[in-house]
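The basis for the numbers below is simple: all heavy atoms, side chains too, and nothing from hydrogens, waters or symmetry mates.
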Amino acid sequence: MVDDLFSPRLSPSEPDYLVGLNAEQRLAVETTEGPLLILAGAGTGKTRVLTTRFAHILLQQRAWPEQILAVTFTNKAAKEMRERISVILDKPVEGLWLGTFHSLCARMLRQHAPRVGLERSFTILDADDQLRLLKQVMEPWKLDLKRWPPAQLMHQIQLWKDKALLPEEITAAHDTDLANGQARAIYAAYQARLKELNACDFGDLMLHMVTIFRQHPDVLAQYHHRFRYILVDEYQDTNAIQYLWLRLLAKHPDGDPANIACVGDDDQSIYSWRGAEIANILRFENDFPGARIIRLEQNYRSTPRILSAASHIIAHNEDRLGKTLRPGLESDEGELVDVISTPDSDDEARIVGMRIQTLHQEGQAYGDMAILMRAGFQTRPFEEALMRMGIPYQIIGGLRFYERAEIRDAIAYMRAVLYPLDDLAFERIVNLPKRGFGNVALSRLRLTAREAGRSLQQTLQQQIEHKLIKGKSAATLAELLAALEKARKIVAKEGHVVATETILEESGYLTMWRDDPKTVEAAGRLDNIGELLRAIGEFPTMEAFLEHIALVMESDTLQEERDKVSLMTLHAAKGLEFPTVFLPGWEEGIFPSQRSLDEGGNRALEEERRLAYVGLTRARERAIILHAASRRIYANWQDSIPSRFIEELPDKHIKRHSPARHNPRPGSFFARQAQANMSRSPSSSRYRPEALSNRPTIPLGATVQHSRYGEGVVIGVEGERLSVNFEDVGLKRIMAGFVKVVS
DNA sequence: CACAAATGGTTTTTT
DNA sequence: ACCATTTGTG
């Protein structure tokens with residue numbers, strides 16, 4: 001510890017990192033001692049304050065990096081924070097405890113795993129494994145799985161874990177009638193089985209650490225001694241167990257609490273359905289007496305008009321701490337917020353596309369524009385419209401790299417190599433490719449293995465040796481076990497990358513995809529596996545890689561930094577900003593979502609409203625709200641009325657438009673049908689216009705031109721769906737309407 | 001045991 | 001309309 005830690009710090013001139021902060025921001029940075037709650041509205045420089053505060057504490061030598069605990073919600077936020085601190089300090093920072101709640105807990109739990117009956121090498125299960133394990137655990141209860149879906153019970157267990165409830169702590173008040181009243185017992189069995197497998201699920205990372213803190217004061221004391229400063233980002237999103245964990249770390253039984261600073265915005269709390277509790281913000285003062293509260297209300301992001309629109313909407317919420325965003329930019333009022341009524345959802349998509357084109361011609365980069373919607377399925381019509389117009393776009397969120405089947409298969413193979421006791425991994429791969437070992441055989445094997453208290457791999461080996469499994473499948477299974485064994489030797493000798501290649505090759509997994517009749521998809525899958533191998537190579541060991549992907553599910557590998565319009569959900573947009581933001585689908589039932597309202601009533605409505613607030617405050621210069629009178633949902637057309645949020649906008653700053661229907665005769669049922677057919681298989685309706693039916697199908701081998709992908713050769717035709725091998729970008733699946741025949 | 005037909009359910013999502 | 005999963009058939 002430094003001797004002069006608390007001696008007065010002389011600063012002849014003000015350090016440059018403090019220059020340019022406003023009074024509130026500066027106060028938030030310099031109030032380093034004692035509990036602090038920073039209520040930071042959208043665009044008020046929250047991240048800047050947090051990182052500057054961090055740097056300030058370090059530069060004033062109030063603490064070493066390893067004495068600071070900084071918690072974020074996403075890995076992305078953690079990464080950004082680390083980078084920005086390095087910039088201020090002008091050197092990389094090492095030794096920080098900076099990460100997500102879960103990654104920090106994982107780090108701690110590796111140290112103390114034996115205290116909860118785990119080995120330090122425990123594996124972390126993902127959602128898929130969790131559910132499969134739960135289904136197995138539920139078997140003895142012989143429940144009707146239709147009536148009591150395992151997924152629902154899984155959700156309930158997660159909620160319990162989010163509340164830090166162990167199975168034995170579930171009282172009647174917490175219990176449910178799920179699983180025919182057996183939920184508590186199944187939860188207990190599930191936890192027991194996890195321990196047998198030396199595994200834990202995501203919720204356990206936090207639950208185990210809280211359990212350890214509660215039952216082993218010596219461990220907690222260690223961390224009390226270590227952490228002098230605690231910083232928490234996105235505090236409004238913390239759930240009960242995260243709050244408990246923070247409180248355990250921050251409050252010292254003897255003496256002063258750690259210096260805890262939490263940053264949050266109650267108006268941006270949009271994850272209550274995931275267990276987040278706004279109440280955590282409200283009770284901060286009770287738990288940390290003498291806490292100071294600083295409000296950041298100066299917005300440096302959006303034009304006054306956009307701010308006014310956002311403020312008017314959020315003002316309709318009752319459950320608020322109260323905060324007013326003030327324009328902090330020295331600019332004029334800015335453009336009016338557009339509200340555009342369209343006849344139907346296809347027009348909506350096309351109008352957005354046209355606006356994007358116009359803005360682009362005026363000089364705005366595609367990357368400066370975003371379309372933000374309530375739900376993921378709403379991206380479809382926009383994708384079609386943008387593709388047709390040749391506008392580059394990217395979907396943020398969506399299918400993540402590590403969730404793809406082939407990636408998870410490949411990882412399961414590696415787990416089976418590395419951890420012969422990992423039954424869940426082995427179950428996934430034992431019959432993939434088909435080895436004549438289906439569900440029936442697997443259940444039988446599982447039973448034998450459990451009775452003998454051995455792993456599936458061991459048991460299978462024995463059964464083959466004792467000729468309990470015969471014929472062709474015995475031979476293929478023996479090959480699999482041999483391949484696993486071989487890969488194990490290779491890990492030691494030639495490293496984990498070669499070992500992965502070997503196991504995927506020799507198990508026949510890669511061949512399975514090479515022989516797959518769906519050429520296009522299979523090729524994509526093989527590409528993804530190549531991508532995976534590259535990613536694995538960036539880690540020193542396979543274990544390090546597995547830990548990484550367990551905690552960081554997003555794909556850094558696939559992120560392109562190209563100039564593209566971003567499509568994403570409002571949830572995914574939190575924390576981002578764009579000069580131009582399109583907000584389509586502002587209709588009753590869609591946004592606010594009927595589903596939410598049915599489930600959560602007024603509380604849910606307020607959360608939907610916060611979502612609208614988040615959406616609007618993403619915009620820097622221009623916000624365009626749209627709603628359609630009629631929307632295609634699944635197969636049908638549904639009429640809809642404008643969202644109540646539109647009425648909550650301030651007239652003064654709004655401009656309303658209702659462009660005429662672009663395509664056929666306005667309004668008629670037949671026109672709608674014709675429109676519907678434009679983007680679907682032409683054979684799906686008898687209302688198909690002649691022009692479409694007469695369009696010649698594109699022949700195999702034709703050369704075609706695509707606005708974005710360039711030239712390519714058609715190598716497959718399935719009705720309207722073409723498989724085209726493009727010169728530049730390779731194999732793609734394209735609708736015939738998107739290409740022009742060249743020769 | 002594998003494959004094909006039928007069924008049901010479809011917000012938001014990180015870690 | 002579309003998907004993933006379950007149920008029925010060879």
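- Note on A:Gly203: nothing from the nucleic acid sits closer than 4.0 angstrom, heavy atoms only.
- Under the 3.5 Å distance criterion, with hydrogens and angles disregarded, no donor-acceptor pair is assigned to the side chains of A:Ser473 and A:Thr476.
- A salt bridge is absent between A:Arg631 and A:Asp346: the closest approach of a Lys/Arg side-chain nitrogen to an acidic carboxylate oxygen does not fall below 4.0 angstrom.
- Along DNA chain B, the nucleotide nearest to A:Leu442 and the one nearest to A:Glu607 differ in position, and the one closer to the 5' end is contacted by A:Leu442.
- At whole-Å resolution of the value, CZ in A:Arg380 and P in C:dA1 are 13 Å apart.
- Side-chain contact between A:Ile411 and A:Ile549 is present, with heavy atoms from C-beta onward closer than 4.5 Å.
- Minimum atom distance to the side chain of A:His571 is reached by B:dT13, of the listed C:dT6, B:dT13, B:dT11.
- No hydrogens or angles were tested; on distance alone, nothing pairs the side chain of A:Arg595 with the base of B:dT11 as donor and acceptor under 3.5 Å.
- Within residues 98-113 of chain A, the residues having any heavy atom under 4.0 Å from DNA chain B are, by residue number, A:Thr100, A:His102.
- Once the 5.5 Å centre distance and the 30° plane angle are applied, the aromatic ring of A:Trp273 is found not to be stacked with the base of B:dT11.
- For the pair A:Asp128 CG and B:dT13 C1', the interatomic distance rounds to 15 Å; values are reported in whole Å.
- For A:Thr569, the listed nucleotide lying nearest its side chain is B:dT13; candidates were B:dT11, B:dC1, B:dT13.
- The shortest distance between side-chain heavy atoms of A:Val263 and A:Glu234 does not fall below 4.5 Å.
- Protein atom NZ of A:Lys76 is 13 Å distant from nucleotide atom P of B:dT13, rounded to whole Å.
- As a whole-Å value, the separation of A:Met373 CE from B:dT11 P is 16 Å.
- Checking A:Tyr509 against A:Asp409 by side-chain atom types alone, a donor-acceptor pair falls below 3.5 Å.
- Judged purely by atom type and a 3.5 angstrom limit, A:Ser345 uses its side chain to pair as donor or acceptor with the backbone of A:Arg632.
- Ionic pairing of A:Lys46 and A:Asp233 is present here: one or more N-O contacts between side-chain nitrogen and carboxylate oxygen are shorter than 4.0 angstrom.
- The CD1-P distance, from A:Ile396 to B:dT14, rounds to 12 Å in whole Å.
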Can you pull every protein N or O that's under 3.5 Å from an N or O on nucleotides 2-6 of chain B?
unit_1 : atom_1 : unit_2   : atom_2 : d
B:dA2  : OP1    : A:Gly436 : N      : 3.2
B:dC3  : OP2    : A:Lys434 : NZ     : 3.3

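- Between A:Glu607 and A:Arg610 there is a salt bridge, since a side-chain N of the basic residue sits under 4.0 Å from a carboxylate O of the acidic one.
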Donor-acceptor list for residues 440-447 of chain A side chains, cut-off 3.5 Å, not counting sequence neighbours:
unit_1   : atom_1 : unit_2   : atom_2 : d
A:Ser443 : OG     : A:Asn439 : O      : 2.9
A:Arg446 : NH1    : A:Glu427 : OE1    : 3.1
A:Arg446 : NH1    : A:Glu427 : OE2    : 3.3

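- Distance A:Gln638 CD to C:dA1 P: 15 Å, rounded to the nearest Å.
- Counting to the nearest Å, the C1' atom of B:dT14 and the CG atom of A:Asp126 are 13 Å from each other.
- Listed candidates were C:dC2, B:dT11, B:dT14. Nearest to the side chain of A:Ser596 is B:dT11.
- The side-chain heavy atoms of A:Glu80 and A:Thr47, taken from C-beta on, include a pair separated by under 4.5 Å.
- Rounding to whole angstrom units, CD of residue A:Gln268 and C1' of B:dT12 are separated by 16 Å.
- Counting any heavy atom pair closer than 4.0 Å across all strands shown, A:Ser473 reaches no nucleic acid atom.
- At least one side-chain nitrogen or oxygen of A:Asn75 sits closer than 4.0 Å to the OP1 or OP2 atom of B:dT15.
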